[in-house]
Amino acid sequence: MRKFLVVLNWFPKGRKSMRFRSRNYINSWGRFFWFAAFIVSTFVLFNGFSYSNFRFLFGERFEPVLKFARKTPTANAIVSGEHPVTQILSVRETVLLPDQVILFLKYPRSARLFTKEELDCVYLSVHNTSPVPRLKQSPARVDTEQLGEQIVRCPSGPRGLLITVGSKSNGVFPAGPTHYWDSLAYEALVDNDNTTVVFVKGLNLRPERVSNASRFECVYGEDFSRLKLVLRSEVLSIAQEIVRCRTPLIVLNSQKKVNSSVKVSVRIKGGGTLPSIARLGFLSDSGRDPLPTRKPHETCICTMARNQARFLKEWVIYHALIGVQRWYIYDNNSDDDTDQVIESLFNAGYNISRHIWPWIKTQEGGFSHCALRAKGSCEWIGFIDVDEFLHLPTGLFLHDVISNLTSTITSFGNISIGEIRVSCYSFGPSGLKRIPKQGVMVGYTCRLAVPERHKSIVKPEALNSTLINIVHHFHLRDDFRFIDVDRRMMVVNHYKYQVWEVFKQKFYRRVATYVADWKDEQNVRSKDRAPGLGTRAVEPVDWSSRFCEVTDTGLKDRVLRNFANPKNSLLPWQTTTNKKAGTWFVEEENTNKVQEKE
């Protein structure tokens with residue numbers, strides 16, 4: 001490890017002290033100085049906080065200066081041929097995933113961000129003093145996270161090599177701190193009640209169980225190896241891979257300063273502290289509790305998706321037609337055109353956003369993160385996949401169905417409904433061997449007879465503070481209840497077993513934390529798997545005719561009747577659609593049902 005000296009330069013405000021004629025006056029000021037020094041030293045020793053935290057108290061006048069005790073290793077030097085170049089970006093953090101490497105880049109203010117074509121993934125020897133790269137590869141993906149920050153996904157290199165980035169015009173940049181994915185605090189948000197929610201890997205807690213919070217504590221700072229130099233706070237709850245902490249007041253009172261500088265982690269008392277890249281984030285409504293009585297959106301949807309660009313347009317446009325107003329897309333390492341499809345939908349007038357979520361097997365954590373973000377904006381939010389479509393057989397809009405369900409239940413007593421559970425019908429290939437041109441709702445019409453599991457639509461503020469969720473449903477607060485919806489009012493059409501070209505992608509990796517990947521020899525009889533397939537992505541001869549017990553054309557018929565263009569029979573997602581300019585369907589003003597255009 002590097003050893004460095006810390007030189008503290010404190011420039012007090014105001015002019016230099018004057019010389020006082022009175023000796024007694026000098027002595028009184030001397031006593032005050034030593035008394036103040038004693039109080040500050042005691043506060044530091046007993047509370048512990050990093051040098052960056054001094055700025056919370058003293059502002060920018062307190063300036064710690066880091067000086068290296070020995071030279072930086074050559075592997076971390078900036079190299080352009082044989083000559084160092086001016087640093088125009090830094091690799092803030094590096095995370096080693098099983099099949100790729102995630103690098104977080106930080107640019108100076110007003111600096112131009114490099115494009116994917118201008119960057120290289122560079123692999124350096126850790127032990128060799130030569131600065132010459134051992135290997136260079138093109139990035140798999142480069143995404144802009146926010147102003148001045150990028151996420152670069154690089155292929156995993158040979159073992160024993162240090163991974164960084166370089167540009168074709170500026171050489172190789174210093175490698176950042178490297179972390180292993182199996183033990184890491186990776187995200188942190190301050191909730192609207194001012195508590196900090198930390199998302200972690202590596203604690204290995206049991207699913208759907210609340211763990212003993214007294215065994216842990218949260219730490220805030222930069223260097224977690226020295227506990228005397230961090231802020232420590234109480235853990236309020238801990239379950240699965242989510243930790244809720246009491247946020248120190250000094251952090252809450254300095255939001256602008258700590259937003260990109262202070263990291264959060266979790267320490268096991270008597271044990272170690274998880275490495276962390278979790279820089280504290282603040283929601284737009286942080287500290288604003290209670291929530292507003294009227295939120296901007298009645299119904300929202302959140303999903304986690306990987307390489308679903310070809311189906312995303314149909315999924316968003318259809319759900320807009322039945323009343324969904326807001327979409328949160330958590331992009332889980334897509335390398336197709338997902339970002340472009342989302343941008344085109346946004347430009348067409350759909351209130352949709354893409355959130356980069358590179359963390360593998362963290363669907364539960366991603367949904368909890370999404371629920372926190374939606375709390376101030378959405379009355380109700382559904383958690384469904386891109387191959388799942390809400391079908392409303394009554395023809396009502398989604399918000400009307402929800403209103404009818406919740407008002408009917410509450411009229412029988414003082415019961416608050418926090419979750420609506422919707423049964424799922426799993427559809428098979430329906431005799432098809434190619435992707436249906438009109439979309440999944442029209443193409444797949446044969447399903448299994450018995451529903452499999454359920455999906456949930458929830459009120460974000462009704463969720464238990466632990467944010468425990470499993471298979472798309474959450475634990476609720478004690479004063480809320482869930483209801484099961486009659487399938488004649490609402491059901492989820494899950495186009496789970498599509499044509500083999502699409503279905504085989506499920507073998508890549510499952511997104512849920514507690515679900516085994518299909519290539520693994522465990523839980524082979526789980527309902528999450530396709531019966532009879534085993535662990536290899538080999539197409540059965542009779543695949544197109546499997547999972548077909550009941551013909552169900554309910555949603556297909558409604559879509560063709562209400563949403564098809566009467567002139568050419570095209571559906572809205574088969575062409576360029578501008579939501580603001582209107583599509584080929586009309587709604588009768590005096591009814592809650594979607595009407596067919598004559």
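Predicted, not measured: the structure shown is a model, and the values here were computed from it. Below, all heavy atoms of this structure are taken into account, side chains as well, without hydrogens, waters or symmetry copies.
- A donor-acceptor distance shorter than 3.5 angstrom exists from the side chain of N469 to the backbone of L467, with no hydrogens or angles considered.
- Under the 4.5 Å side-chain criterion, counting only non-hydrogen atoms from C-beta, V219 is not in contact with L231.
- Between S353 and I342 the shortest heavy-atom distance is C-CG2, 4.4 Å.
- Partner of R141 under the side chain to side chain contact (heavy atoms under 4.5 Å, CB included) criterion, chosen from V152, D339, N333: D339.
- Judged purely by atom type and a 3.5 angstrom limit, W327 has no side-chain atom pairing as donor or acceptor with the backbone of H319.
- A donor-acceptor contact shorter than 3.5 Å links the side chain of D336 to the backbone of T338.
- The main-chain N or O of R279 is never found under 3.5 Å from a side-chain atom of E187 such that the two would form a donor-acceptor pair.
- With hydrogens and angles ignored, the 3.5 Å screen pairs a side-chain donor or acceptor of T247 with a backbone N or O of N194.
- Distance OG1/T94 to CG/L103: 4.0 Å, rounded to 0.5 Å.
- In this structure, F367 and F383 have tilted ring planes: the angle between them lies in the 30° to 60° band.
- Counted by atom type alone, Y186 and T362 present zero donor-acceptor pairs between their side chains at under 3.5 Å.
- The main-chain N or O of F311 is never found under 3.5 Å from a side-chain atom of E314 such that the two would form a donor-acceptor pair.
- Formation of a donor-acceptor pair under 3.5 Å by the N332 side chain with backbone atoms of W357 is found in this model.
- Checked by atom type and distance alone, the side chain of T195 never pairs as donor or acceptor with a backbone atom of D191 at under 3.5 Å.
- Salt bridge status for K106 with E93: absent, with no side-chain N to carboxylate O gap under 4.0 Å.
- Within the structure, salt bridge (Lys or Arg N to Asp or Glu O under 4.0 Å) contacts touching residues 161-177 (residues at least two apart or in different chains) are D120-K168.
- Between D331 and R354 there is a salt bridge, with a side-chain nitrogen of the basic residue lying less than 4.0 Å from a carboxylate oxygen of the acidic one.
- Side chains of Y107 and E149: no donor on one and acceptor on the other come within 3.5 Å.
- Ring geometry for F104 versus W359: interplanar angle under 30°, hence parallel rather than tilted (30 to 60°).
- Taking 4.0 Å as the cut-off between side-chain N and carboxylate O, E234 and R244 do not count as a salt-bridged pair.
- Under a 4.0 Å N-O distance rule, the pair R246/D193 does not qualify as a salt bridge.
- In this structure, the side chain of H369 does not engage the main chain of G365 through any donor-acceptor pair within 3.5 Å.
- The existence of a salt bridge linking R434 and E501 is excluded, since no basic side-chain nitrogen approaches an acidic carboxylate oxygen closer than 4.0 Å.
- S276 places a side-chain N or O within donor-acceptor distance of the main-chain N or O of A278, the cut-off being under 3.5 Å.
- Under the 6.0 Å distance and 45° angle rule, R326 counts as a cation-pi partner of Y328.
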